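If you're wondering where the values come from, they're calculated on a predicted model, not measured in any experiment. Chain A is the first sequence line, chain B the second, and so forth, proteins listed ahead of strands; every chain is numbered from 1.
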Amino acid sequence: MNRNDEFFELKNDLPQAPVELQYTATKAITKAKKSKRRSLLLKTPLISFCSLAVAFVILVNLFPAVALAMSNTLGLKELVKAVAFNPNLKRAVEHDYYQEIGETETQEDVKVTVDYMILDAGHVSLFFHVNAPVKAGLYHFDLTNSKNEGLSACLLYDTMYETGKLEEIQIELTDDNYKLPEELIFHITVNKDENFQASRDAQMAVPEDIVTPAIAIEPKSSGTDYNFTFKLHPDHIFSQTVKSILINHWMEIKGQRICLNKLNIYPSYSRLYLSCDSNNSTVLEGLNIYFKDNRGNLYTPIKNGISATDETASENIGSLYYDSSYFMKANRLTLFIDGISSIDKDKQYGEIDYSAKSISNLPEGVSVDSMELVGSTLNISLKIKSNKSNHYDQILSGSYYDKGGKQYDFGTWGTGTTNDSKTYSVCYKISDYEDNKYKVKWIYSPMQPLETPITIEINK
Amino acid sequence: MILPEEKFITEFDSLKEQLYRFAYLYLRNETLALEAVDETVFLAYKSIHKLRQPEYFKTWITRILINVCKKELKHAKQTVPFEEAGEPAQEDYDALPLKDAIAKLPEELQVIINLRYFNEYTLVETAEILKLPQGTVATRQRKALALLRLELEADE
């Protein structure tokens with residue numbers, strides 16, 4: 001091939017502009033406008049207080065909309081405060097990566113304002129605040145599309161608001177292929193109870209028994225409910241944001257074949273997808289994987305264990321969650337694997353023997369601490385050896401099964417400390433217990449370090 | 001503003017392929033190229049009031065992109081200053097695949113090849129972007145083509 005042919009081939013092979021460039025100009029305009037607004041805010045101290053006060057009075061009197069906006073939406077400072085402990089969202093806000101909403105609804109003396117959303121193709125954080133003549137109260141909410149259908153998402157949230165404080169609801173879109181609806185309906189019920197704070201203070205004052213497993217106490221409320229509905233429109237500039245990197249790398253670890261499929265990097269987190277060969281003799285429960293970028297930043301898991309990719313996925317497919325490298329300027333990631341935990345397929349289930357106070361196929365490091373029958377409820381406490389402080393693993397799946405394979409959910413389970421600092425306990429309750437009827441499913445196995453860690457280079 | 005928002009978006013959309021291709025050839029990395037174009041369009045919109053004549057949008061935004069790319073390379077410490085590296089001999093270029101030979105060119109020649117032949121900017125536009133006399137651009141262009149042993153159309 002001569003030089004000219006080489007030139008034309010090289011020119012033809014140049015990559016096409018990626019889809020991310022589709023909204024670049026619109027995004028830049030939004031960012032520039034926000035940046036201008038922020039810079040004006042920073043310059044405010046330079047302007048004399050008097051002229052500012054005069055301008056404020058004129059603005060508020062001439063434009064009711066300005067007055068409304070100023071009184072309702074909480075400022076950027078509050079958003080920065082709200083995301084201070086989440087490094088991914090903090091970085092997103094620093095890069096002006098958020099959608100302003102500023103919609104308010106009022107009923108009697110209760111007002112709810114949806115202030116901001118930080119969203120991408122895998123996550124939505126919705127920020128709102130309540131103004132009510134009480135210090136705090138309870139709320140519950142639902143998110144649907146315009147046809148009133150629920151979202152294919154996992155909702156992570158608190159249930160209590162403090163008046164005037166920016167509250168956050170996190171929505172994690174667990175299904176990789178799910179797209180947020182054009183219109184997101186946020187239904188929220190706010191409870192106003194003048195006695196709520198006093199009853200909560202009384203509950204908080206109960207001394208905690210450090211040996212007994214922790215049981216969550218839900219604050220109770222009997223005040224008045226106020227229902228609000230907001231129609232939100234996630235900006236597709238944000239809601240379609242993801243960098244997806246195909247890895248497709250098969251490897252064999254301790255005789256098990258595992259494939260790292262792809263890495264999705266969202267502004268709010270990263271998710272590594274993996275799958276296992278169905279002929280493996282074990283079920284994978286955990287992989288110790290971390291990343292480093294070429295600028296020295298380290299990314300460690302932000303969730304324990306392997307998470308399902310969607311409700312219908314088999315146990316051969318899973319994903320791991322990490323901090324996001326989206327806003328980092330690195331172009332290469334190195335992935336390190338130095339540990340694996342797995343359970344033999346024929347030891348996945350344990351049969352309960354109350355008379356012997358035992359369960360079969362106990363994973364290494366797990367023992368039955370106690371087993372008590374109270375009425376027809378069986379309380380099981382398992383003791384687990386641990387080298388890490390304040391670290392609790394889930395030992396059993398959320399369900400137990402009868403011999404016919406019918407599934408029952410553990411009503412409650414909890415973790416607690418023991419008198420021995422090198423162990424912790426996990427407790428489960430089985431209602432309507434009968435001898436020789438039930439089996440449990442183990443999902444824990446201690447992490448086995450690899451003699452030679454595996455290293456994989458991937459280009460971002 | 002001389003250029004309304006919608007016009008800014010349309011103008012950018014019509015150039016985004018060229019800008020991305022330029023950044024990719026300059027930075028040799030798709031992620032960095034995307035980030036450079038992102039940064040460029042942000043800086044361009046922020047300083048759009050400085051663009052007195054909208055017909056120069058293309059050369060103006062390309063100049064911003066070149067500065068962003070230069071800054072990125074400096075930051076990534078991937079460049080060796082021309083003076084330190086020295087100009088490779090003709091044989092060095094001949095032995096290399098074209099892609100690597102272009103990467104070995106002094107930056108002032110590389111940018112001309114990138115603009116003129118990979119992105120089809122005219123001689124006038126290239127001179128305007130680089131703020132050089134057209135004659136200088138033509139001379140550098142001839143020199144770059146000769147080093148690369150390329151026989152492409154050198155005239156306007």
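Surrounding NZ of A/K90 are at most 12 heavy atoms belonging to other residues, nucleotides or ligands under 6.0 Å away. Atom CD of A/E183 has more than 12 heavy atoms from other residues, nucleotides or ligands within 6.0 Å. Environment of NZ in B/K99: sparse, with no more than 12 heavy atoms of neighbouring residues, nucleotides or ligands closer than 6.0 Å. For B/E55, the CD atom counts as densely surrounded, since its 6.0 Å shell holds more than 12 non-hydrogen atoms of other residues, nucleotides or ligands. By the 6.0 Å contact criterion, NZ on B/K16 is enclosed, its count of non-hydrogen atoms from other residues, nucleotides or ligands being greater than 12.
Taking chain A as the reference chain and counting heavy-atom pairs below 4.5 Å, the highest number among B/D13, B/L25, B/V41 is found for B/V41. Interface summary for chain A: among B/E39, B/E17, B/R21, B/Q18, the most heavy-atom pairs under 4.5 angstrom belong to B/E17.
Here the straight-line distance linking atom OG1 of B/T31 with atom CD1 of A/I245 works out to 7.0 Å at 0.5 Å rounding. Expressed to the nearest 0.5 Å, how far CD1 of A/I29 lies from CD1 of B/I48 amounts to 9.0 Å. Atom CG of A/L21 sits about 5.0 Å away from atom CG of B/L34, to the nearest 0.5 Å. In this structure, CG on B/L145 lies 9.0 Å from CZ on A/F7, to the nearest 0.5 angstrom. In this structure, B/Y45 OH and A/T26 OG1 are separated by 10.5 Å, a value rounded to the nearest 0.5 Å.
Proximity to chain A is limited to the side chain of B/Y24, based on heavy atoms less than 4.5 angstrom apart. Looking at B/I102, only its side chain comes within 4.5 Å of chain A, counting heavy atoms on both sides. For chain A, no part of B/E6 is nearby; none of its heavy atoms comes within less than 4.5 Å. For a residue to count as touching a neighbouring chain, one of its non-hydrogen atoms must lie under 4.5 Å from one of that chain's; by this rule B/L43 does not touch chain A.
Among all heavy-atom pairs drawn from B/F8 and A/A25, the shortest one is CE2-CB, 4.4 Å. Nearest heavy atoms, A/R3 versus B/A101: NH2-CB, 3.7 Å.
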| request: For B/E30 and A/K243, run salt bridge (charged side-chain N to carboxylate O under 4.0 Å, His left out): C-alpha distance rounded to whole Å, both residues' side-chain angles, the deciding distance at 0.1 Å, then the answer. | output: CA-CA 12 Å; B/E30 292 184 36; A/K243 286 180 190 169; over 6 Å; no
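With a 4.5 Å cut-off on side-chain heavy atoms, B/E120 and A/K11 count as touching.
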